[in-house]
Protein chains: 2
Amino acid sequence: MLALALPASRPCTALPAVLGLALLALPPPGALAQAAAATIPLPEPRGQTLLLQSVDRADYGPLAEQFLTQANLAYCGVASMVMVLNSLAVPAPAAAGYGSYRFWTQENVFEAADTRAVLSPEVVARQGMTLQELGALLTSLGVQARAIHGDRLSLAQFRLLVRSNLSQSGDRLLVNYHRKAVGQAGGGHISPLAAYHAMTDRVLILDVARYRYPSVWVPLADLWQAIRTTDSSTGLSRGVVVVRRI
Amino acid sequence: MLALALPASRPCTALPAVLGLALLALPPPGALAQAAAATIPLPEPRGQTLLLQSVDRADYGPLAEQFLTQANLAYCGVASMVMVLNSLAVPAPAAAGYGSYRFWTQENVFEAADTRAVLSPEVVARQGMTLQELGALLTSLGVQARAIHGDRLSLAQFRLLVRSNLSQSGDRLLVNYHRKAVGQAGGGHISPLAAYHAMTDRVLILDVARYRYPSVWVPLADLWQAIRTTDSSTGLSRGVVVVRRI
């Protein structure tokens with residue numbers, strides 16, 4: 001596999017697709033094709049069957065109702081935050097152009113000075129956000145957000161966290177992962193998890209880059225590898241953010 | 001019930017909520033509270049259970065993957081069209097700011113001169129669109145679109161159309177209806193249908209005004225009444241548009 005020198009791999013930075021194909025040494029040769037075959041698109045009948053069979057899917061209903069396309073190529077974290085805030089019915093500011101209706105958008109989520117002090121929308125639009133920044137932005141928005149680096153979680157711990165979170169509707173789970181490890185072209189990415197399918201040990205990612213990949217069921221072990229990859233902009237591993245209303 | 005003089009009731013025109021409460025004489029006194037109780041929000045466990053039990057739900061997966069919030073208070077028809085086009089994978093133009101990725105948005109759907117010749121985005125943003133305009137806009141976008149006025153359909157014919165369309169994934173069904181007849185405040189509206197639940201004779205509306213109402217399961221008979229209401233801007237009844245790829 002060709003190794004290339006690449007710019008800092010914050011989530012959702014707009015790398016040309018051709019680079020994405022040779023992005024990371026992980027997983028080992030042969031495993032990529034296997035992993036690609038292992039993703040099951042949610043909109044297809046097979047994906048819908050897994051959804052029907054899933055027991056740990058309390059987050060799916062509220063999140064699917066708020067499903068969004070990221071507003072630009074670097075806004076995966078922003079779209080993910082907005083889905084989580086709306087799905088938890090966190091009190092929202094007014095939305096420009098919608099009269100008196102109040103809901104979170106990818107614009108008004110940066111309205112508060114506390115939030116912009118963490119990271120400005122201009123910076124995010126240029127370079128995305130890291131796991132820590134995702135957690136800090138959510139905290140500034142008045143929810144409880146706990147960032148956990150992937151290399152601090154065993155596979156069993158990750159599975160427990162996923163099942164526990166997705167089986168109750170009062171909390172949400174965001175993942176910051178590397179697409180390559182789940183068999184997709186691309187780099188770092190952020191999206192919410194919505195359901196877990198025990199029989200196949202798969203987890204459902206509602207992918208906010210909907211123009212690029214559909215939502216997919218991926219083997220939990222692949223996603224675990226994907227959150228343990230190193231974000232070269234921090235030198236730390238990617239991971240998950242657990243979000244709860246205060 | 002208070003009767004008010006109201007402006008032309010094209011879909012999604014931005015009426016204050018307080019007016020919406022007294023908008024239409026339909027349904028008769030007493031029935032409104034009943035109908036309101038009869039809507040079941042999709043994101044809630046009861047709504048998810050209906051989704052799990054539904055057999056006629058081939059359109060749900062592709063449409064839910066493309067779920068959108070209408071871009072302004074009058075864009076219910078535009079958001080609905082975009083969901084349908086993306087969910088049918090109709091070849092799309094480029095989307096500004098997304099590099100080489102191509103998908104339909106509430107902006108680029110008006111890119112073609114043929115489409116703007118039917119209706120300009122400025123006019124739609126001001127006054128929404130009628131059933132006929134919805135059909136004509138979709139036709140201009142290269143799909144087969146057949147508008148059927150609600151008063152041309154018996155309840156049995158409407159049920160047959162809904163079940164037949166929602167049980168196969170290659171076509172879509174948009175409804176232009178009056179919210180009041182399904183127990184909601186508001187006026188004319190447009191959204192796609194995604195699933196039918198036989199045991200309760202209910203149909204699932206993926207409501208593009210997500211800031212206002214969640215997606216709901218409504219009794220088919222209520223929706224049938226709602227598509228038979230008269231659009232005062234044309235003097236004709238509302239109805240459905242059946243959409244297919246050519």
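Proteins get letters first, then strands, A, B, ... in listed order; numbering begins at 1 in each. Computed from a prediction, not measured in an experiment: that's the story for all the values here.
To the nearest 0.5 angstrom, Leu68(B) atom CG is 8.5 Å from Leu68(A) atom CG. Once rounded to the nearest 0.5 Å, the distance linking CG of Leu52(B) with CD of Gln53(A) reads 11.0 Å.
Remark: the backbone N or O of Pro214(B) is not paired with any side-chain donor or acceptor of Glu65(A) at under 3.5 angstrom. Within the 3.5 Å criterion, the main-chain N or O of Phe67(B) finds a donor-acceptor partner in the side chain of Arg210(A).
If you tally non-hydrogen atom pairs under 4.5 Å between each of Pro41(B), Ala71(B), Ala58(B) and chain A, the highest count goes to Ala71(B).
Proximity to chain B (any heavy atom under 4.5 Å) is shown, for Arg102(A), by neither the backbone nor the side chain.
Annotation: side chain of Leu51(A) is not in contact with side chain of Gln48(B) (no heavy-atom distance under 4.5 Å).
Classified by interplanar angle (parallel below 30°, tilted 30° to 60°, perpendicular above 60°), the ring pair Tyr101(B)/Tyr211(A) is tilted. The aromatic rings of Tyr60(B) and Tyr60(A) sit perpendicular to each other, their planes meeting at more than 60°, with 30° as the lower class boundary.
What you find for Pro62(A) and Pro43(B) is that their closest heavy atoms are CD-O, 3.8 Å.
By the side-chain hydrogen bond (donor to acceptor under 3.5 Å, both in side chains) test, Arg163(B) is found to be paired with Asp56(B), residues two or more places apart in sequence or in another chain being considered.
Residues of residues 85-98 of chain B having a heavy atom under 4.5 Å from any heavy atom of chain A, listed by number: Gly97(B), Tyr98(B).
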